[in-house]
Amino acid sequence: MEPNIKTPQQYVDQLPEERKQTIERLRKTILENLPEGFEESMSYGMIGYGVPHRLYPPGYHCDPKLPLPFMSLASQKNFIALYHMGIYASPALHDWFVAEYPKHAKYKLDMGKSCIRFKKPEDIPYDLIGQLASKMTVNEWISGYESQFRPNKSS
């Protein structure tokens, strides 16, 4: 990826043709389903969806200058990655997603702690990703984040 990319659209525009349509569809799915308050931006070289400083002034504990991240979307070398911090922080959300995935996709779920990898773009369960994006409000995410990642917060 070009280091001077500043917007999600610039990110999409620089992708190889075979990835553009998939990333655009995932981006649209997320934006249509994400609860109010989350905002799209570039974060860590990916398209990010997070809680802006006006709603959560402390920002991200790893770099307080950044908004609190929630989801990210990236085109990696061998797969498309969807990162969802809520899955990492909420066992109930994780378990729901893992149980639902086989009902929506014909290939086995390839997932890390917060990363869902799609090696076959034709098998991305867009409806399920939309449901996942809608499952946690900004306030629920802030509460979960603070309890899981900032137990000794000073803010």
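A quick note: this is a predicted structure, and the numbers were derived from the prediction, not measured.
- Screening residues 88-101 for salt bridge (Lys or Arg N to Asp or Glu O under 4.0 Å), with sequence neighbours left out, gives Glu100-Lys103.
- Applying the side chain to side chain contact (heavy atoms under 4.5 Å, CB included) criterion to Ser75, with sequence neighbours excluded, gives Tyr11, Leu15, Arg19, Ile23.
- A distance-only check finds a donor-acceptor pair linking the side chain of His53 to the backbone of Leu66 [under 3.5 Å].
- Between the side chains of Asp127 and Gln131, not a single donor N or O lies within less than 3.5 Å of an accepting N or O.
- Among pairs with a residue in residues 63-74, none fulfils side chain to side chain donor-acceptor pair (under 3.5 Å), at least two apart in sequence or across chains.
- Aromatic ring pairs are classed by plane angle as parallel below 30°, tilted from 30° to 60° and perpendicular above 60°; the pair Tyr44 and Tyr60 is perpendicular.
- Distance NE2/His94 to OG/Ser114: 10.5 Å, rounded to 0.5 Å.
- No donor-acceptor pair closer than 3.5 Å links the side chain of Ser90 to the backbone N or O of Ile87.
- Judged by distance alone, with hydrogens and angles left aside, the side-chain atoms of Asn33 form no donor-acceptor pair with the main-chain N or O of Ile129 at under 3.5 Å.
- Judged as a ring pair (Phe, Tyr, Trp, His ring centres under 6.0 Å), the pairs with a partner in residues 101-131 (not counting sequence neighbours) are, in order, Phe97-Tyr101.
- Between the CG atom in Leu26 and the CG atom in Leu82 there is a gap of 7.0 Å [rounded to 0.5 Å].
- Annotation: the span from Met71 atom CE to Met85 atom CE amounts to 12.0 Å, rounded to 0.5 Å.
- Within the structure, every pair that satisfies the ring pair (Phe, Tyr, Trp, His ring centres under 6.0 Å) test and touches residues 12-41, not counting sequence neighbours, is listed here: Phe38-Phe70.
- In the displayed structure, Gln21 atom CD is contacted under 6.0 Å by at most 12 heavy atoms of other residues, nucleotides or ligands.
- The neighbour count for Lys28 NZ, taken as heavy atoms of other residues, nucleotides or ligands under 6.0 Å away, does not exceed 12.
- Between the side chain of Ser143 and the backbone N or O of Asn139, no donor-acceptor pair lies under 3.5 Å.
- For Lys113, the salt bridge (charged side-chain N to carboxylate O under 4.0 Å, His left out) test picks out no residue, with sequence neighbours left out.
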